[in-house]
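Working notes, beginning with the structure itself.
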Amino acid sequence: MQPELPEGYYLENVRTLFDHVERLYGDILARPQLDFLQQFAALSTDAKKLYIRLLNRSHDLFRLRKLRYPEIASIPAALAQLEPGGFLRINPDIENGRLLSLFTKTELLAFHPERTRLQNHKRSDIEAYLLDQADDDYFTRLRQSDRLLEVLQKDCYLLCQMLFFGNLNQSMTDFVLRDLGLNQYESYRIDPKNRPYSRRLDIEQHWLLHQLDARLQASDPADTDSLNQCFGAIPDNINPDTAAFRKAERIKYTIARQFERLGDFDQALTGYHQCQLPPGRERIARILDRQGRTATALELCKTIIANPLGEEEAQVVCALGRRIIQRHKLALEPVFEQIHSNHSPAQIELELNQQHSVEQAVVEYFLNLNPANRCYHLENTLFNGVLGLLIWDAVFAPLSGAFYHPFQSCPSDFYAHDFVSKRAFQLSQIWDSIHSNGDIYQRVQACWKTKYGLMNALVNWQALELETIELALERIEYRHWIIIFKRILRDLGNNRSGFPDLVLFPAEGNYRLIEVKGPGDSLQKNQQRWMQYFAEHQIPHALARVRWSINT
């Protein structure tokens, strides 16, 4: 049974959030935000509870009679503080359409003389009728039937959430998951010296990006004026080491991609040329090809292959270049072959009785083949997990801007291109301390014992056992571990996935990584890249193709 949350837990969590924000950013917050935090702190407990209850609702208009919060001793007394403090507006002047939305169908009809005739109509039809036909007296009586409340300063609250989480995708739910004991996190230092936002400008730029993102999501995708305005409002001097820079890149790419979908290739190219991260350059090459500028498209492809921003970009662009060449019947240049994977892994053809899980069917096949075999469906968990345990201290090193809040399973720059270079000192200490699988196991075992259950983006505690790691370190040679670790760290965003489904430890020794494909399934690009890498470094692997037997 899950533990119950204490009464007023939500207020304590918001206090924690506000205290965190004021402690870290009090010296660079604008006056309105500082006033908001200080005035909130001066409210009574009941006023704070009511305000937070309403803030955490999805809308900002309420009716007093509908509020039911038993833990608040006096809602009227709370309102008496919230209204003069500028946190709420009582009986705001709102348009009739918003007023109608606050009442049930039965309540709306109760104030109308023709309620009997209207009661069988749909609510939407009733609202349309009332807006068109009801007189001012009807809406006056509706307003006077209850006190209306409008929540104010919600933007200040959202800004504090952004400063705490580093985004507006997360919410106070993270506090609840922690309070319930469902998620537990590493303890790392967050102080003004290593805070993510170092200037007021950083805060203002990130907040602007959230507003632009919200505007894009709410606007018509075909509204080119809005697209241009949003793109033009993106600051061009954002610190490239921050999460705001990555968010700005995503927004620029989203807008450019939308212009491309609308067929406005000139605007799309203008946007893509301002994108500094993949797949901006790839999209430019595709548009150039569609415009018939074949030679220019191929030259760009060669430029990208020569200086790729990651293996994925190089692979995708190499394949694009080959397709352009084949379509135009041009001579294939060597540059488009060097990244092309010609590797065909050894294949194991199996006919098995159908099961819900094709991977489990293959596991059982190897176990039945020899009871002394050991076979595990670990997919991406084994090598990622051992790496995560091995470099735990580097992952959670309290570097500048790495951590926004106490609920992170990895630093904010975990997927950034400079994740490794920023932690060169910490990582070099780890690599210098290991020279064998025994050294790896010693560090991993110690970390397992002290950190078990704490969130780490590389470690899946539920899918991995320490005994399995011990067996893997007995069978998989040290050189292979290091080779695989280096590739994962080269591009954490892409190389954490794509590992073969199974790890087979045959009775006679050694090991083999086995990718399983059921009927009609094929290798994905990240799986192809890993198998090419395995082939280059003599790491044993195979592809098991399964077809289901037909019972007659």
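All residue numbers refer to positions in the sequence shown, counting from 1.
Remark: side-chain polar atoms of Asp46 are not paired, donor with acceptor, to backbone N or O of Ile75 under 3.5 angstrom. Under a 3.5 Å cut-off, the side chain of Gln153 and the backbone N or O of Gly86 do form a donor-acceptor pair. Under a 3.5 Å cut-off, the side chain of Lys252 and the backbone N or O of Gly271 do not form any donor-acceptor pair. With hydrogens and angles ignored, the 3.5 Å screen pairs no side-chain donor or acceptor of Asp491 with any backbone N or O of Gly310. Side chain of Tyr253 to main chain of Leu277: no donor-acceptor pair is present (N/O by atom type, distance under 3.5 Å, no hydrogens or angles). In this structure, Asp19 contributes its side chain and Thr16 its backbone to no donor-acceptor pair below 3.5 Å. Asp191 contributes a side-chain N or O that, together with a main-chain N or O of Asn194, makes up a donor-acceptor pair within less than 3.5 Å. A side-chain donor-acceptor contact under 3.5 Å links Gln408 to the backbone of Tyr404. A donor-acceptor distance shorter than 3.5 angstrom exists from the side chain of Arg200 to the backbone of Leu29, with no hydrogens or angles considered. Under a 3.5 Å cut-off, the side chain of Asp264 and the backbone N or O of Phe259 do not form any donor-acceptor pair.
Once rounded to the nearest 0.5 Å, the distance linking CG of Leu216 with CD of Gln229 reads 10.5 Å. Atom CG of Leu168 is separated from atom CG of Asp213 by 9.5 Å, given to the nearest 0.5 angstrom. Residue Ile440 holds its CD1 atom at 11.5 Å from CG of Leu389, rounded to the nearest 0.5 Å. One finds the CG atom of Asn495 at 8.0 Å from the CG atom of Leu492 (value rounded to the nearest 0.5 Å). Put simply, CZ on Arg65 and CD on Glu107 are 9.0 Å apart, with the number rounded to the nearest 0.5 Å. Going from atom OG1 of Thr270 over to atom CD1 of Ile255 covers 12.5 Å, rounded to the nearest 0.5 Å.
Under the 30°/60° scheme for interplanar angles, the aromatic rings of Phe396 and Phe403 are found to lie parallel. Using the six-membered ring where Trp is involved, Phe419 and Phe414 have ring planes that are perpendicular, over 60° apart on the 30 and 60° scheme. The aromatic rings of Phe36 and Phe87 are tilted relative to each other, their planes meeting at an angle between 30° and 60°. His210 and His206 have parallel rings, their planes meeting at less than 30° on a 0 to 90° scale where 60° marks the start of perpendicular.
For the pair Asp202 and Ile28, the minimum side-chain heavy-atom distance is 4.5 Å or more. Between Val21 and Gln33, every side-chain heavy-atom pair lies at or beyond the 4.5 Å cut-off. Side chains of Arg98 and His59 form no contact here, defined as non-hydrogen atoms less than 4.5 Å apart. Put simply, the side chain of Asn228 reaches to within 4.5 Å of the side chain of Gln267, judged on heavy atoms. Under the 4.5 Å side-chain criterion, counting only non-hydrogen atoms from C-beta, Leu399 is in contact with Gln426. In this structure the side chain of Met531 never reaches within 4.5 angstrom of the side chain of Gln527, judged on heavy atoms. At least one side-chain heavy atom of Arg443 sits less than 4.5 Å from a side-chain heavy atom of Ile434. With a 4.5 Å cut-off on side-chain heavy atoms, Leu466 and Glu470 do not count as touching.
Considering all non-hydrogen atoms of both residues, Pro221 and Gln258 come closest at O-NE2, 3.2 Å. When all heavy atoms of Cys275 and Gly280 are compared, the closest pair comes out as CB-CA, 4.4 Å. Across all their heavy atoms, Gln528 and Leu523 have their closest contact at NE2-O, 3.6 Å.
Comment: Lys451 engages Glu186 in a salt bridge, judged by a side-chain N to carboxylate O separation of less than 4.0 angstrom.
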Task: Trp448/Trp461 under ring-ring contact (aromatic ring centres under 6.0 Å, His included): CA gap, chis, key distance, verdict - done: CA-CA 9 Å; Trp448 183 284; Trp461 298 106; 5.0 Å; yes
- [ ] Give the intermediate values and the outcome of ring-ring contact (aromatic ring centres under 6.0 Å, His included) for residues Phe175 and Tyr10.
- [x] CA-CA 9 Å; Phe175 282 92; Tyr10 55 92; over 10 Å; no
Task: Residue pair Phe499, Asn384: steps toward the side chain to side chain contact (heavy atoms under 4.5 Å, CB included) verdict - done: CA-CA 10 Å; Phe499 282 96; Asn384 283 324; 4.2 Å; yes
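Across Lys49, Arg53, Lys48, a single residue satisfies salt bridge (charged side-chain N to carboxylate O under 4.0 Å, His left out) together with Glu71, and that is Arg53. If you run side chain to side chain donor-acceptor pair (under 3.5 Å) between Tyr272 and each of Arg286, Arg281, Glu260, only Glu260 comes through.
More than 12 heavy-atom neighbours from other residues, nucleotides or ligands sit within 6.0 angstrom of NZ on Lys105. Atom NE2 of His377 sits in a crowded spot, with more than 12 heavy atoms from other residues, nucleotides or ligands closer than 6.0 Å. Applying the 6.0 Å contact sphere to NZ of Lys154 captures more than 12 heavy atoms from other residues, nucleotides or ligands.
With a 6.0 Å cutoff to the six-membered ring centre and a 45° limit on the axis angle, Arg195 does not count as a cation-pi contact of Tyr25.
The salt bridge (Lys or Arg N to Asp or Glu O under 4.0 Å) pairs that include a residue from residues 397-421 are Asp413-Lys422, Asp413-Arg423, Asp418-Lys422, where partners are two or more places apart or lie in different chains.
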For a quick test of your reading: what N or O donor-acceptor pairs under 3.5 Å do the side chains of residues 160-167 make, sequence neighbours left out?
unit_1	atom_1	unit_2	atom_2	d
Gln161	NE2	Tyr157	OH	3.2
Asn167	OD1	Asn169	N	2.9
Asn167	OD1	Gln170	N	2.9
Asn167	ND2	Phe165	O	3.3
Asn167	ND2	Gln170	OE1	3.1

